[in-house]
Amino acid sequence: MVRRLLLLVLCMFLLSIIVFFMARLAPGDPLQSFYGDALELMTEAEKDAARVRLGLDAGLISQYVHWLGQVLQGDFGLSFKYKMPVLEVMKPLLGNTLLLGFLAYLIVFGLATVLAVFCTLYEERFVDKAICKIGTVSYYIPGFWLGVVMVLVFSVNLGWLPSSGAYDVGRKGDVLNRIQHLIMPLFVMVATHLWYYAYMIRNKLLDEVRKDYILFAKAKGCTRTEIVWKHCLRNVAPTIVNIMAISVPHITGGTVVVEAVFNYPGIGNLAVESAKYHDYNLLMVTVLLTGMAVFVSSFLAQTINEEIDPRMKDMEAVRW
Amino acid sequence: MVEGAGTANELFAVVGAAACNEKIQKKKNRGNIPRREKPVLSMLILGLIVTSCLLAPWVANHDPAGFYLTALNTPPNGEFYFGTDALGRDLYSIMFYGGRTSLAIGLLGAAIIALIGTIYGCLSGTLPDRADAVMMRIAETGGSIPTLLMVLILSAIIPEKNIITLSFIIGITGWFGMARIVRSEVRQIRNCEYVLYARSSGGSFFYVMWHHLLPNFLSAIMFVVVSNVSTCITMESTLSFLGLGLPVDVLSWGSMLSLANRALIMNTWWVIVIPGLFLVVTLLCITNVADYLRREVNRQPSHL
């Protein structure tokens, strides 16, 4: 537990180093992106003063130490594009992304489990084979294309659903309006991620139904459905939680694409925008915070895993 | 409790054996031992797409870089088979020239991933335990950052976008999983006599890797390598769509789709649907071929 916590801190430290140096080594003068066209009107002395003010004059390592110290105090610096503290820019968007990501996460794993159980019950039958084929196709359809096609069909031509945003102007508190805006992004998220996990759980379940205790349960008089739901699923639960832990970066990556397609005001969209406009500070913090969220959630999942299945403690793959 | 377990065991011995026999019998009677069929259709379609991309100058019937200003946003017709986009370019001709770029990025990206993943995995697998643990932790950390975010950073940093840099960006962010697979394969064979012999008789790391390790895990990673081609193609098109990949004037399936937003406003479905279908069909064919290369997992009959 303590060792894992230390590892978590180490991972975040590594991540911050990588992200910081990548952003600082990027070409292009940060002053350019901060002042834009006004830069050409500035004198050398003014430029130097601006560098000092933004902390760009020191060496890279002392810049990093300074930056890390400020980050630890909760000061993530300014966004060059918005001329606002990075956290201020991100704060109103965070809720939107969390809502989308979390809902997608729940639906994906809920459906994946149900689908996997269903496929296991009808293994190698027509239904199972059909679901497998459709699933593979759905997994390989690029998310952004599915999104654009859906906008084309349901917004542009049928006019049923709004094509972009998280809510219409002035209707922020309107739940129904929000749901309308969430349907298409959620559908794309679920459609492009579902099969990957359903297939993993299905394979795990198929291994499970070949074990000896199934015979005993059968001899006891349990029905097939009962066996899979009550016995197999319980034994597979740690694996599912494990998969859920690994899946966080995958699904987070999915939100980035989906938010960009549907112009959904969230962190992913912000990351794409800041990459386009070379707003390194904003991009850096976005990646850093997302990475941390991923590390923390995988840490949580492993801890939960040990609660569910104490055997996991001895099965840690790499020992230090 | 112990007694209960005993009865359960006996019960299982009787019921289990009978059930097993019955199942095996059934399987034998049906004779449905899983057989791998060659994905003929997928190979055919893939071959067709690849050859027409290679022979693009002969297949295309218009200049792919030409702007036909008199025929903006024309739906598919006899002259422009797939229609034209908002810039007046002939989609049918672009498709094959663009396919060259997309396939090249797919192949190059997959090659970079295979190269880095194999070397890293072999190193990690053959080094002492402690170094191995450190290297695997690094790979795990890298693998747990969303790939797309890393790609975003890199594509913001590298200003010049062409086939090489884009493949590099995609390759350098995608090798973590590969390294893990190679490493676990290498761990299983690293203490075999022939590997030890090769090392003790002075074989260098790369010699041992190429002659003794690689042939052993090649079949295990072949599936991953081929499916990486489709991952790289998807990544390229996603990036180009987001406006962070190839510019519109460099033709690829992704840069064709980067005009999708404009096509939405004009409601020109062919600009969106046709390149996307090409993309999806290619990806599916590659996947089917890759699936054929996968090692078959032998499953005993189900007890359910």
Side-chain angles (χ1 to χ4, degrees), chain A residues 7 11 14-15 19 22-23 25-28 120-121 123 136-137 140-145 148-149 151-152 156-157 163 206 209-212 214-216 218-219 224 227-228 246 248-250 252-253 256-257 260 271-272 274-276 278 280 283-284 286-287 290-291 294-295 298 318-320, chain B residues 8 11-12 14-16 19-20 32 129-130 132-133 136-138 140-150 152-159 230 234 237-238 241-244 257 260-261 263-265 267 269 272-273 275-276 279-280 283-284 286-288 291 297 299-304:
Chain A
L7 205 64
C11 283
L14 266 177
L15 180 69
V19 168
M22 267 171 135
L25 292 175
T120 312
L121 283 173
E123 189 198 346
T136 319
V137 174
Y140 279 95
I141 293 179
F144 74 91
W145 185 67
V148 172
V149 170
V151 171
L152 184 72
V156 177
N157 286 315
S163 66
L206 287 186
V209 292
R210 279 156 179 76
K211 289 191 177 156
D212 291 338
I214 303 295
L215 285 173
F216 178 58
K218 244 176 125 176
R224 290 158 55 86
I227 295 175
V228 175
I246 308 166
V248 176
H250 187 200
T252 318
V256 174
V257 176
V272 174
S274 50
K276 262 190 209 167
H278 299 266
Y280 296 123
L283 181 60
M284 199 161 83
T286 321
V287 174
T290 320
V294 169
F295 288 149
S298 96
V318 183
R319 292 232 164 227
W320 284 73
Chain B
L11 188 68
F12 159 72
V14 179
V15 180
C20 272
N32 58 354
D129 281 353
R130 206 156 271 255
D132 175 47
M136 274 302 113
R137 279 298 175 194
I138 292 174
E140 265 170 42
T141 312
S144 63
I145 306 171
T147 320
L148 199 71
L149 284 182
M150 277 195 287
L152 280 187
I153 298 188
L154 280 175
S155 61
I157 290 173
I158 300 173
S230 56
T234 315
S237 59
T238 306
F241 171 78
L242 294 177
L244 291 159
L257 285 166
N261 278 331
L264 278 180
I265 301 168
N267 199 2
W269 60 266
I272 298 169
V273 174
L279 190 64
V280 172
L283 295 179
L284 279 176
I286 294 176
T287 312
N288 279 342
D291 209 38
V297 189
R299 278 221 171 91
Q300 4 152 216
S302 165
H303 289 328
L304 198 63

Distance, nearest 0.5 Å, that separates [atom1] of [X] from [atom2] of [Y]:
X      : Y      : atom1 : atom2 : value
A:L152 : A:W145 : CG    : CH2   : 10.5 Å
B:L148 : B:L242 : CG    : CG    : 6.5 Å
A:T120 : A:R224 : OG1   : CZ    : 10.0 Å
A:I227 : A:L215 : CD1   : CG    : 8.5 Å

Residue [X] versus chain A: region with a heavy atom under 4.5 Å:
X      : result
B:L244 : side chain
B:I272 : both
B:S230 : side chain
B:L279 : side chain

Distance-minimising heavy-atom pair for B:L257 and B:F241: O-CD1, 3.4 Å
Closest non-hydrogen atom pair between A:Y140 and B:L284, with its separation: CB-CD2, 4.1 Å
Pick from B:L283, B:T287, B:T234 with the largest number of heavy-atom pairs that fall under 4.5 Å of chain A: B:T287
Best-contacting candidate, A:T286, A:T252, A:V256, against chain B by heavy atom pairs under 4.5 angstrom: A:V256
Top contributor to chain B contacts, counting heavy-atom pairs under 4.5 Å, from A:V151, A:L121, A:V228: A:V151
